[in-house]
Amino acid sequence: MLIAPDSTTLQTMAAEHVARALAHAVALRGRALVALSGGSLPPGVFRWLCSEPLRSQVPWHDLSIIWADERRVPFDAPESNYYLTRQTLLDHVPIPSDQIFPVATYYPGPQAAALYQRQLEALLTIHGGQLDLALLGMGPDGHTASLFPAFPQLDAPPAQLVAAVEHAPKPPPERITLTAHALNLAREVIFLVAGSDKAPKVYAVLHGPYAPHNTPAQLVRPPAGQVTWMLDAAAAALLRG
Ligand code: 6PG
């Protein structure tokens, strides 16, 4: 766990951590499969990653990029996680375009999810069955990716790696998400969380009873991976007693 004094420092430290993790993964395995999220913090992390000195530490050519979740909106909509990532990262670094895998949001949700499942299965075959890094956020209700409290995607069968979501409580309502089974294939998960509204769920995930229907982030427990919580002081407030 890492606690930063404020969210700007958190984003800087997260960028340094991500750069190190990517360099390490590629040094060990020659390539890395990375799942990114939307939300308020990743853009700041991406901007640091695009800037020196981190930019030259990341083996950009060896990365494949997928999304932990996506909003079902056009590729160029401001709400699109792909669009956000393109603006703040992908347009500025040399990741080959055929190694970037946006969700096909122009299809209806179930079809887009089925296609993403096939793409992910193919990528996992190339990457030794694991994601190298998943960068996740958490909402004040304990959701992560688009796994929302009490939603049926929480009970996906083990073979289901991707699910469509309707009526999401966080807009936009239609989403595609990796399931907990997919996220649990990660070698490393980073939860990046800031703000006092998140503090109760940060405490619940780390110290509360296991109740993933109330706090879906608890589902992320990769058996062959490590989870690092990176928090600002406000999100960590209840941990300090
Ligand atoms: C999304 C997300 C979502 C996000 C959290 C935290 O696209 O909506 O991937 O899971 O990471 O809601 O977002 P904030 O940091 O903006 O609260």
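Predicted model, so just to flag it, every value in this text is computed and none were measured. FYI, the numbering just counts along the sequence from 1. One-based numbering, in listed order, for ligands and for the atoms of each.
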A.B. asks: Which donor-acceptor pairs under 3.5 Å do side chains of residues 24-31 form with protein atoms, sequence neighbours excluded?
C.D. replies:
residue, atom, partner, partner atom, Å
R29, NE, D132, OD1, 2.9
R29, NH2, D132, OD1, 2.8
R31, NH1, I126, O, 3.4

A.B. asks: Only pairs at least two apart or in different chains count here, so list each ring pair (Phe, Tyr, Trp, His ring centres under 6.0 Å) that has a residue in residues 172-202.
C.D. replies: F191-W229
A.B. asks: Quick one: does Q153's side chain get under 4.5 Å of T179's, heavy atoms only?
C.D. replies: no
A.B. asks: Sort out for me which residue in I100, V162, L178, V103 forms a side-chain contact (heavy atoms from CB on, under 4.5 Å) with I66.
C.D. replies: L178
A.B. asks: I'd like the contact residues of ligand 1, where contact means a heavy atom below 4.0 Å.
C.D. replies: S37, G38, G39, S40, D69, R71, N81, G137, M138, H143, T144, A145, K170, R175, K198
A.B. asks: Quick one: which residue pairs count as a ring pair (Phe, Tyr, Trp, His ring centres under 6.0 Å) with a foot in residues 119-149, not counting sequence neighbours?
C.D. replies: H143-F148, F148-F151
A.B. asks: Answer whether the closest heavy-atom distance between the side chains of V58 and V18 falls below 4.5 Å.
C.D. replies: no
